There are 2 protein chains.
Amino acid sequence: MDVPLLADQKCSECPIRHRAVCARCDSDELVQLDAMKYYRTYEVGQTITWAGDEMGFVGSVVRGVATLSNTLEDGRTQMVGLLLPSDFVGRPGRSTSPYDITAVSEVTLCCFRRGPFERLMATTPHIGERLLDMTLDELDAAREWMLVLGRKTAREKIASLLTIIARREAAIGMLPVTGEVTVTLPLTREAMADYLGLTLETVSRQISALKRDGVIRLEGQRRIVVPDIHALIAEAGDDVDGGMIA
Amino acid sequence: MDVPLLADQKCSECPIRHRAVCARCDSDELVQLDAMKYYRTYEVGQTITWAGDEMGFVGSVVRGVATLSNTLEDGRTQMVGLLLPSDFVGRPGRSTSPYDITAVSEVTLCCFRRGPFERLMATTPHIGERLLDMTLDELDAAREWMLVLGRKTAREKIASLLTIIARREAAIGMLPVTGEVTVTLPLTREAMADYLGLTLETVSRQISALKRDGVIRLEGQRRIVVPDIHALIAEAGDDVDGGMIA
DNA sequence: CGTATAATTGATTCCCCTCAAACCCAGTGG
DNA sequence: CCACTGGGTTTGAGGGGAATCAATTATACG
């Protein structure tokens, strides 16, 4: 790994310090969090928690990508969330997750035991306020995704996913996103299909079609080069772009 | 109308007192809310706000049903939320809604001007806490709906919608839901289609099919009788029922 | 009764799923 | 060095479920 060991990292030097649930905490509050936090790391493919299982902690994704997904009895699964660095895991006041949570790359979580965290929340409005904002953002994202799932064609779905990942990579890395963009897919074709409500074959076919039409180029199978981000956004069929991408 | 006029209703006697954003407020806080609240009523079909427009207030649905929906340039629309009594409208800290909000029945809102409400939130943790809980519940509901949109067949989608409405009516009315249940649809076929990511023709066909198969009966076109709620739940294809229905 | 809106039903088309085979590539071990 | 493996991916052939286009029927309302 080319990242420093996180075992003893101070909150003040944390890479997600200004975006995570602790973003608005002052230095006193940070000291308290610092004292109660601990890190956990998950391998590629490892399950962080199964739907319905007890989860003794909540926390933030520090590094890596995890997914939330729902499954029907007969095995059909739908991904309902993509957790990137700074996203919050778990729900205060509830000890189980209604979703399977899975690491799709190596993931590091900054964890807090549920009880102490809830007690801290009760006395530290900054945390609850930040969590409310983050939750409202996630709700907006979930609702935007409902439009993708319910009304978009397979081609538009693929373009939407690539656009979203480009946006989020831009937001995290603070990179200006204009002209030629390279997106590194954190997901397999199957995971993309589960996110988009498609089959993996259809995902593969549509990616090939976008490549054939010159909208994207592939470098290996996880790197996608987008020569003109606006052409991709147009393929997504959205009304107006969200403003994150110039 | 068979409901009393709400113009001067006291919060303490409000029908949604114990479920809305004000649920945890003590009597002092309630006095403050009482002083700043005002009611607005919308006709059937009236738009409460267009996506992107300024909205000077937030509030709670007191009576009636409203919908949140997203629309693409070419007119495809996807409903992303159903607002029933006690649901919150608007977002603190943001002056526009990303969705169209429409009254599908006559709707009464209990409104608060944005500024005063946000100031009250800053000093009254009970409100923010309740709003966080409500938002987390809505996020769960949105994610559950993503599974419906992404992975269920048309027939399962219809059954899922009927199940959800039955659940929510039960929760609001505090009625025990067992055996034969009657669901009053607040939505037209087209609105159902927009919620389910289908066309109105497919909605109609699947309702006819469920009727033909004895899973439901129609009384008029808005009342649906479910002889055996468990048979309907089975049609929805869900893994395990949510526990609200015995 | 006549009009408008909502709902049902039918005929046909097409997009995506299903089933199936081949391919690519990295890792492993003979 | 190369065959062997296995996961991930691509591509093909065919079928099915929902969309589309179109007509008819019900319901509400003046």
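The model shown is predicted, which means the values in this text are computed figures rather than measured ones. Lettering of chains follows the sequences in order, A, B, ..., and the numbering in each one begins at 1.
Minimum atom distance to the side chain of B:Leu198 is reached by D:dA19, of the listed D:dA19, C:dC16, C:dT9. Candidate nucleotides C:dC16, C:dA7, D:dT9 were compared by shortest atom distance to the side chain of A:Arg189, and D:dT9 ranks first. Between D:dT9, C:dT18, C:dT8, one nucleotide has an atom nearer to the side chain of A:Thr199 than all others, and that is C:dT18.
Protein atom CE of A:Met192 is 15 Å distant from nucleotide atom P of C:dC16, rounded to whole Å. A:Lys157 places its NZ atom 14 Å from the P atom of C:dC15, with the value rounded to the nearest Å. At whole-Å resolution of the value, CG in B:Leu210 and P in C:dT8 are 12 Å apart. If you measure from atom NZ of A:Lys152 to atom C1' of C:dC15, you get 17 Å, rounded to the nearest angstrom. C:dC24 atom P lies 14 Å from atom CG of A:Leu218, rounded to whole Å. Look at NZ on A:Lys211: it is 7 Å from P on D:dT10, rounded to the nearest Å. Nucleotide C:dC15 holds its P atom 18 Å from the CG atom of A:Leu196, rounded to whole Å. Put simply, CD1 on A:Ile224 is 13 Å from C1' on D:dT9, counting in whole angstrom units.
For C:dC17, the base has no donor-acceptor partner in the side chain of A:Glu201 [N/O atoms by modelled type, under 3.5 angstrom].
Between A:Tyr195 and A:Trp145, the ring planes lie parallel to each other; the angle is under 30°, not in the 30° to 60° tilted range.
Residue-level contact check: A:Leu200 touches the bases, meaning some heavy atom is under 4.0 Å from a base atom. Contact annotation for A:Arg222: backbone-only contact, meaning every heavy-atom pair under 4.0 Å involves sugar-phosphate atoms and none involves a base. Note on A:Gly197: only backbone sugar-phosphate atoms sit closer than 4.0 angstrom, heavy atoms only; bases stay farther off. Contact annotation for B:Ser208: backbone-only contact, meaning every heavy-atom pair under 4.0 Å involves sugar-phosphate atoms and none involves a base.
Mapping A:Thr202 and B:Ile207 onto DNA chain C via the closest heavy atom, the residue that lands nearer the 5' end is B:Ile207. Between A:Arg205 and B:Arg205, it is A:Arg205 whose nearest contact on DNA chain D lies nearer the 5' terminus.
Minimum heavy-atom separation, A:Leu139 to B:Ala142: CD1-CB, 4.1 Å. The shortest non-hydrogen separation linking A:Asp87 to A:Leu82 is OD2-O, 3.5 Å.
Salt bridge annotation for B:Asp194-B:Arg189: absent, with no cationic side-chain nitrogen under 4.0 angstrom from a carboxylate oxygen. Between B:Glu106 and B:Arg63 there is a salt bridge, with a side-chain nitrogen of the basic residue lying less than 4.0 Å from a carboxylate oxygen of the acidic one.
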